[in-house]
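Note that ligands are numbered from 1 as they come in the structure, with each ligand's atoms numbered from 1 the same way. Both backbone and side-chain heavy atoms feed into the values below; hydrogens, waters and symmetry mates do not. Treat the numbers as computed from the prediction; the structure is a model and nothing was measured.
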Amino acid sequence: MNAVQRASAAAATDEPRTVLVARSIVKSFPGVLALDNVDFDVRAGEVTALLGENGAGKSTLIKMMAGFYAPDRGEITVDGQTLHADPAEAHRVGVATIHQDAHLVPAMTVAENIMLGRWPTRYGMVSVERQRQRALEALARVAPHLNPNTLAGRLSPADQQLVEIARAISEDSKVLVMDEPTTSLSPPEIDRLFSVVDELRAKDLGIVFVSHWLEEVFTIADRVTVLRDGKLIGTRPISELDHDEVIRMMVGREVRETVVETRPIGDVVLSVKNLNRENMLSDISFEVAAGEIVGMSGLVGAGRSELAAAIFGIDDYDSGSVEVAGVRVRSNDPAAAIEAGIGLVPEDRRQQALISLLSVRMNITLSFLDHVKRWGLLSPALEEEIADREIRALAVKTPSSKTRVSSLSGGNQQKVVLARWLTRNPKVLILDEPTKGIDVGAKSEISELILRLARSGMGILLISSELPEILSLSDRVLVMRSGRITASMPREQATGETIMSAATMG
Ligand SMILES: Nc1ncnc2c1ncn2[C@@H]1O[C@H](COP(=O)(O)OP(=O)(O)OP(=O)(O)O)[C@@H](O)[C@H]1O
Ligand SMILES: [Mg+2]
């Protein structure tokens with residue numbers, strides 16, 4: 001059927017065509033029933049948002065549509081063809097997927113990454129140039145600012161994400177599946193992605209979209225499918241739903257709003273003075289006091305993660321100083337930073353912070369340094385006790401503390417990294433996008449946790465691109481743009497408008 005026939009068929013029935021059908025899907029992993037008799041379908045020319053809390057089964061369903069796993073029971077068909085555990089086949093029948101934890105090959109160029117895995121099997125050598133052309137077209141559509149010859153490893157996470165999207169749409173696909181595609185994108189980049197999605201929807205692609213941001217879901221989705229604990233809760237047109245109803249479907253309970261609170265603020269614990277790093281950080285000075293939450297706002301690429309890396313000693317700086325409780329911290333030395341009482345939960349948790357082959361327990365109780373210096377000092381019993389306590393405190397969804405951390409869902413991996421720092425009790429904790437990829441229920445739990453840490457006297461530097469998070473938690477708000485601090489304001493003056501204007505101008 002060509003596009004015209006499809007359009008007239010759709011007009012005749014007034015029902016969009018269903019391209020992908022998943023029926024009665026069951027999938028279990030050791031100790032977990034990840035999907036329990038789930039029905040799901042994707043319609044041409046529609047965006048279906050797949051929603052649910054961390055560990056609900058979204059990525060598992062997506063991996064089956066991409067041919068990574070076969071269901072234990074049930075069947076997935078695309079235009080009548082049954083999928084098996086064969087990614088090449090899934091791709092061939094027209095399913096393009098952007099996975100939650102996908103990575104580009106850092107040592108290959110942007111263009112090579114887009115073409116990766118395509119041309120040798122589907123096209124003869126003669127078509128390499130044609131493939132390259134298509135790669136460039138896809139890139140121009142999604143990320144016109146990128147040079148196709150840049151090595152992927154040099155790109156920011158946001159740009160890498162855009163390249164993955166270009167890769168997914170560089171071939172004619174029937175279904176485009178995106179597992180949390182917006183988590184490392186800035187608002188303008190999300191707008192660009194959404195206009196690409198609109199274009200693809202108009203061309204009759206069936207689109208599946210996972211996001212923990214309901215604003216995005218209400219902007220882009222036509223229908224919503226909700227999973228909870230591996231079960232299908234329902235599929236509804238977005239026009240029938242409001243935020244509260246979606247949250248009720250996802251969570252099955254009320255989610256508490258964070259109340260703005262005032263805490264006693266103590267002595268300065270972190271003092272950053274005139275920090276400079278060529279082309280990255282420009283004369284950065286600020287302080288964080290005990291019990292204080294300092295929000296750090298700004299767009300992706302403003303230099304906030306670079307600042308965190310400099311304070312924590314992962315990167316060096318050219319001039320300036322970092323002090324903890326009045327004592328200067330040696331630069332470019334994470335061991336010295338940790339020793340001085342600085343903790344960091346980095347943005348790119350899976351790459352930087354987790355040792356994926358180790359268990360949840362080991363990841364909680366070992367920091368990289370303990371790993372080297374004090375290996376063996378924790379008794380297994382104590383280790384287990386600490387890990388179990390934190391797993392309960394953060395409601396980490398894992399079959400046991402011995403489970404490999406790499407088998408947890410994305411959001412639950414992030415909770416494990418947070419848990420590690422809670423066991424160490426630093427004087428100042430830097431949180432870089434702590435609720436990125438975390439579901440609505442867990443978000444409010446993490447907000448509570450941040451407040452609890454501040455109440456206990458920890459100083460918190462909260463880097464976040466989420467205005468509601470910054471506004472509801474911060475005692476003071478700093479805004480960064482192009483490597484400098486462009487605003488510092490008390491909570492009372494901080495609004496969406498004042499923050500955005502400092503983030504984009506000035
Ligand atoms: N390879 C695996 N081995 C063992 N357990 C797994 C594996 N993959 C997923 N699971 C488990 O299956 C359940 C569903 O995980 P899934 O990744 O589908 O969740 P999700 O809805 O994508 O969550 P998130 O929003 O946190 O990404 C979780 O309990 C997870 O720990
Ligand atoms: Mg997931």
Side-chain angles (χ1 to χ4, degrees), residues 22 25-38 40 48-72 74 76 85 87 97-103 161 164 177-184 208-214 216-217 224-233 246-247 249-252 255 348-350 354 356-361 363 391 394-419 433-446:
I25 302 296
V26 176
K27 175 73 192 172
S28 56
F29 295 108
V32 196
L33 185 52
L35 291 171
D36 185 1
N37 207 28
V38 168
F40 180 66
T48 303
L50 182 58
L51 305 180
E53 289 191 283
N54 296 135
K58 305 178 296 292
S59 296
T60 304
L61 183 56
I62 282 174
K63 284 175 189 160
M64 281 188 270
M65 296 192 262
F68 276 35
Y69 311 133
D72 301 343
I76 300 180
T97 311
I98 298 167
H99 293 284
Q100 186 173 10
D101 40 15
H103 293 296
Q161 178 75 268
E164 279 172 34
V177 184
M178 296 183 286
D179 198 353
E180 302 196 32
T182 59
T183 39
S184 41
V208 179
F209 176 78
V210 176
S211 170
H212 289 293
W213 292 105
L214 293 187
E216 294 179 359
V217 171
V224 168
T225 295
V226 177
L227 300 179
R228 192 197 307 154
D229 288 330
K231 294 192 176 59
L232 176 68
I233 300 301
V246 174
I247 290 174
M249 288 172 81
M250 285 169 61
V251 185
V255 176
D348 192 352
R349 277 160 280 252
R350 261 155 294 190
L354 290 170
S356 59
L357 289 179
L358 294 185
S359 66
V360 171
R361 178 194 297 175
N363 267 287
I391 286 169
L394 289 173
V396 178
K397 197 169 171 189
T398 174
S400 95
S401 67
K402 297 199 190 86
T403 304
R404 266 189 192 188
V405 78
S406 56
S407 78
L408 298 194
S409 78
N412 282 297
Q413 293 188 14
Q414 300 192 4
K415 292 186 186 177
V416 170
V417 183
L418 266 174
E433 305 286 1
T435 60
K436 183 168 135 178
I438 287 193
D439 69 58
V440 276
K443 255 179 196 142
S444 79
E445 285 160 21
I446 284 176

Q) Knowing that exactly one of Ile25, Leu50, Leu35 qualifies, which makes a side-chain contact (heavy atoms from CB on, under 4.5 Å) with Phe40? A) Leu50
Q: Give me the ring orientation class for Tyr69 and Phe29: parallel if the planes are under 30° apart, tilted from 30 to 60°, perpendicular past 60°.
A: perpendicular
(Q) Under a 3.5 Å threshold, yes or no: a donor from one side chain and an acceptor from the other, between Asp179 and Ser59? (A) yes
**Q.** Heavy-atom check, side chain of Glu53 versus side chain of Lys397, under 4.5 Å
**A.** no
Q) What residues sit with at least one heavy atom under 4.0 Å from ligand 1? A) Phe29, Val32, Ala34, Glu53, Asn54, Gly55, Ala56, Gly57, Lys58, Ser59, Thr60, Tyr69, Gln100, Glu180, His212, Ser407, Leu408, Ser409, Gly410, Gly411
Q.
Looking at the Mg ion (ligand 2), is there an N, O or S atom belonging to Asn54 that lies under 2.8 Å away from it?
A. no
Q) Do Met250 and Arg228 come within less than 4.5 Å of each other through their side chains, counting heavy atoms only? A) no
Q: State, with a plain yes or no, whether a side-chain heavy atom of Thr398 is found less than 4.5 Å away from one of Asn412.
A: no
